[in-house]
Amino acid sequence: AAAGAELAHRLPVFPVGDAILEPFWPQGLGSNRGFHSALDAVWAAHVAAEAGLDEALLERHFWYDLMLQGPWNPGAGLLKPAEGWCADPVSRY
């Protein structure tokens, strides 16, 4: 309840896709990163409603940093199979 009251006064904006990360077209990652950054933003909005904006910003930064590490590389083993994906980043990274 307190987290909801906090959000009534502070509205979060979570950039996604090309607004959060300039695509590097030779890698062909623009659409993939855009999709995952959108789901990460949905998760951050959920966390903001449940735990507050500060916690949501920490979550968002954590998953953004992980996305930059390159889970798209098949050998890295950071990206989980798509069948179980949902907005929760733990289901994807």
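One hydrophobic cluster holds both Y93 and I20 under the rule that ILVMFWY side chains link at heavy-atom gaps under 4.5 Å. Cluster membership check: M67 shares its hydrophobic cluster with F62, using side-chain heavy-atom separations under 4.5 Å among Ile, Leu, Val, Met, Phe, Trp and Tyr.
Pairing each heavy atom of P12 with each of L53, the nearest pair is CB-CD1, 3.5 Å. Shown here for G17 and S37, the closest heavy-atom pair between the two residues is N-OG, 2.7 Å. Of all heavy-atom pairs between A44 and R60, the closest is CB-CB, 4.2 Å. Contact detail for C86 and S91: the closest heavy-atom pair is N-OG, 2.9 Å. In this structure, V42 and A87 approach most closely via the heavy-atom pair CG1-CB, 3.8 Å. Between A38 and V16, the closest heavy-atom pair is CA-CG1, 3.6 Å.
Partners of H61 under the ring-ring contact (aromatic ring centres under 6.0 Å, His included) rule, at least two apart in sequence or in another chain, do not exist in this structure. Judged as a side-chain hydrogen bond (donor to acceptor under 3.5 Å, both in side chains), and not counting sequence neighbours, the contacts of R92 are H36, D40.
A 4.5 Å side-chain heavy-atom check between L66 and W63 finds at least one atom pair inside the cut-off.
Here CZ of F14 is found 15.0 Å from OH of Y64. Values are rounded to the nearest 0.5 Å.
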